[in-house]
Amino acid sequence: MSLNKQKLYNIIIIGGGPAGLTAAHKLATKGNKVQLFEAGNEVGGLSRSFDLWGQRVDCGPHRFFSSDKIVNDYFKEIIKEDYTVVNRLTRIFYQNKFFYYPLQIKNVLANLSLLTMSQILFTYILQRISPIKNPITFDEWVTNRFGKKLFTIFFKNYSEKLWGIPCSKIDADFAAQRIKKLSLWEALKGAIFGNKENKHKTLVDHFAYPNQGTGMLYNRIAEQFQLAGGELKLQSPVKRVLQNEEGTVIGVELVNGETYLADIVISTMPLTLMVKSLQNIPNTVLESCNKLYYRNTILVYLEIDSIHLFPDNWIYVHSPDVLHGRITNFRNWSPDLYGNKQTTILCLEYWCFDNDEIWKKDEAEMGRLGERELRSMKLIKPTDKVLNTHLLQIPKCYPVYEAGYTEPLSIIRDYLQNIQNLIVIGRYGSFKYNNQDHSILMGLLAARQIETNENQDLWSINTDSEYQEKGVVEYE
Ligand SMILES: Cc1cc2nc3c(=O)[nH]c(=O)nc-3n(C[C@H](O)[C@H](O)[C@H](O)COP(=O)(O)OP(=O)(O)OC[C@H]3O[C@@H](n4cnc5c(N)ncnc54)[C@H](O)[C@@H]3O)c2cc1C
């Protein structure tokens, strides 16, 4: 992209999630004319918080964590002192047992038989002696690192529930982005001696959480964006990005037919949809879009008439006996979420594709399924009542890293690099399995790219070693 240094621009941003809002805020503060179009009726995207039965909830668990100073500084600049330090407790539910995460040696010994422990050690040693050369799939990568048995216990079921494809078809990139150098030996060392230095990102045992939910951060960014002169347009889904005859971007068209002109467009809408809406795209690019796909999420919120259910912030459910994969307990985050209410809101996560039967189920059916599964896991007592159910369906929630996905993605990326004044960022936007911090960083760097006219290598965020997780795999 070639822009004049220090010039002020007329900029359109598509999407008011963490990536779009951050870029919008920074650019408006510098005096640019910025219009942000958000499809929904509130900001925050997947990281929004909302009122439910007199309490506040997020879209599943939202722990904020970054090792990047500029992201942490930005968080502090916006949230100031209005956060709670949450002592994180997360466990894995597998074969009707709870495994503390990070692993605790006593708990592991109590939960696994001697035979299973020996199998873990044996398959680990075997793998060290004869590793798979150049692992390209998730199962190869994880097996190399942890051995076959540990892969089967702690990775396989959960990953297959989440992605809906066998681990042998998931790209090793996913593991490489989320797990770095932690080996079985390091995990055991952590379990025996503790993880005092907080050396591994995923083993961090506390985190800062905005008092009124993760979305508080984004509501504040939106306020500051508007104070800086930015225009926020809710319920304004963008249909397509407009180009002139030379292919240069000139603005956007909304679903309602209105058009708006701009010098620069930053898009965080689903990458494949945005690209397909461009004019005269070559067949190779179109075919590449058709090769990339997303996974949907179904969130089932249940209000239970008890305040003492279980102590975890969230539980990973590896057990194949139930369909959901994770449960959040909003009672264990910040007291401001529940105030004086004497009930607990739980959120169960299910993952599926558009054609799966479960995607068509209504609120009542999903509520019954959720309740049945919670009772079968004994997470609520027979006497606990489910008072209310709420269903939230999130399409295109996870970009699927099917083995080989980088090839079509790089064709799309190369094509976009030739289009003047169009920047794609964010989780949907750049087809990256981003956390909040990655999307915020993309937003900050996109703004810097426009300000300085220096390429910020936005595509490398959440792929290079700076952003890799070290530790046992963590799914958000
Ligand atoms: C269940 C769950 C748990 C998670 N847990 C964590 C966690 O613990 N920690 C963490 O850091 N992250 C977590 N995340 C990830 C986090 O939510 C995302 O990384 C973050 O919200 C991505 O920000 P974004 O701006 O890139 O995209 P989004 O949040 O997806 O925002 C994109 C926005 O664009 C809008 N949009 C889409 N299409 C259009 C259009 N055509 N026109 C206008 N607007 C459009 C959408 O409505 C949305 O508001 C979790 C996500 C999920 C689903």
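Numbering of ligands and ligand atoms starts at 1, following listing order.
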Under a 4.0 Å N-O cut-off, is there an ion pair linking [X] with [Y]?
| X | Y | result |
| --- | --- | --- |
| E371 | R375 | yes |
| E402 | K169 | no |
| R448 | E451 | no |
| D312 | R88 | no |
| E231 | K233 | yes |
| R56 | D336 | no |
| E160 | K156 | yes |

Check ligand 1 against [X] and write out every atom of the ligand that is under 4.0 Å from a heavy-atom position of the residue.
| X | result |
| --- | --- |
| G426 | 26 (O) |
| R63 | 7 (C), 8 (O), 9 (N), 10 (C), 11 (O) |
| I14 | 40 (C), 42 (N), 43 (C) |
| R326 | 1 (C), 2 (C), 3 (C) |
| P18 | 20 (C), 21 (O), 23 (O), 24 (P), 25 (O), 29 (O) |
| M269 | 38 (N), 39 (C), 40 (C), 41 (N) |
| C59 | 1 (C), 2 (C), 3 (C) |
| F37 | 43 (C), 44 (N) |

If hydrogens are left out, which of [options] has an atom nearest to [atom], that is, the closest non-hydrogen atom?
| atom | options | answer |
| --- | --- | --- |
| atom 45 (C) of ligand 1 | G40, G325, A39 | A39 |
| atom 21 (O) of ligand 1 | S277, G215, S47, G17 | S47 |
| atom 15 (C) of ligand 1 | R240, M274, E42, R427 | R427 |

Centres of the [X] and [Y] rings: under 6.0 Å?
| X | Y | answer |
| --- | --- | --- |
| Y83 | Y209 | no |
| Y301 | H390 | yes |
| W163 | Y433 | yes |
| W351 | Y158 | yes |
| Y260 | F37 | yes |

Is [X] in polar range of ligand 1, meaning some N or O pair under 3.5 Å apart?
| X | result |
| --- | --- |
| N434 | yes |
| E349 | no |
| C397 | no |
| P270 | no |
| Q436 | yes |
| P237 | no |
| D437 | no |
| G20 | no |
| E38 | yes |
| L46 | yes |

Assess [X] for proximity to ligand 1: is some non-hydrogen atom of it under 4.0 Å away?
| X | answer |
| --- | --- |
| T297 | no |
| P61 | yes |
| F64 | no |
| R48 | no |
| G443 | no |

Chi angles and distances behind the side-chain hydrogen bond (donor to acceptor under 3.5 Å, both in side chains) call for D173, Y405: CA-CA 9 Å; D173 255 22; Y405 82 102; 2.9 Å; yes
Candidate pair F154 and F99, rule ring-ring contact (aromatic ring centres under 6.0 Å, His included), full reasoning: CA-CA 10 Å; F154 287 122; F99 293 82; 5.3 Å; yes
Mode of A19 contact toward ligand 1 - side chain, backbone, both, neither (heavy atoms, under 4.0 Å): both
CG-CZ distance between D356 and R295, expressed to the nearest 0.5 angstrom: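 The CG atom of D356 sits 6.5 Å away from the CZ atom of R295.
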Distance (rounded to the nearest 0.5 Å) between Y415 OH and L286 CG: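 If I round to the nearest 0.5 Å, the distance is 10.5 Å.
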